[in-house]
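Only heavy atoms go into these numbers, but all of them, side chains included; no hydrogens, no water, no symmetry mates.
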Amino acid sequence: MRKLALAVAFGLVMASPAVAQQSDDCTGACEEGYLWAQEQGITSPDACAGKPSEFAAGCLSYLDDAANGTDGGEDDDTE
């Protein structure tokens, strides 16, 4: 199942190479917020303030991924 999910995610990345993949838990408005923050080059949580909660969560998730040097596309845990 994970291989299928990765294959689908890879296909989405290939279709939109400039878009990093956010967490699978971030969908809908959260995903929109994540992509918006990425496209806008958001670097401060202040830019996420005042947005609807799910959108803001995606925006903050992008900032967290950017700060950690991850793209949110895969589990970042080292096993």
Q: List for me each residue that meets side chain to side chain contact (heavy atoms under 4.5 Å, CB included) alongside Asp46, sequence neighbours excluded, and say none if there are none.
A: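 Listed in chain order: Ser44.
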Q: Suppose we screen for side chain to side chain contact (heavy atoms under 4.5 Å, CB included). Which residues come up paired with Leu60, at least two apart in sequence or across chains?
A: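 Testing Leu60 for side chain to side chain contact (heavy atoms under 4.5 Å, CB included), a comparison that skips the adjacent residues, returns Pro45, Cys48, Leu63.
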Q: Taking all non-hydrogen atoms of both residues into account, name the closest pair between Trp36 and Cys59 and its distance.
A: CZ3-SG, 3.9 Å
Q: For Ala57 and Cys30, which heavy atoms make the closest approach, and how far apart are they?
A: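 Looking at all heavy atoms of both residues, the shortest contact is C-SG, 4.3 Å.
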Q: Drop me the distance from Glu54's CD to Glu32's CD, to the nearest 0.5 angstrom.
A: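 Separation between the atoms: 10.5 Å.
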Q: Nearest heavy-atom pair of Tyr62 and Ile42: which atoms, and what distance?
A: CE2-O, 3.6 Å
Q: In Å, rounded to the nearest 0.5 Å, how long is the span from CD of Gln38 to OG of Ser61?
A: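 Reported to 0.5 Å precision, the distance equals 11.0 Å.
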Q: Here's a test for you: under side-chain hydrogen bond (donor to acceptor under 3.5 Å, both in side chains), which of Asp65, Thr70, Asp64 qualifies with Asn68?
A: Asp64
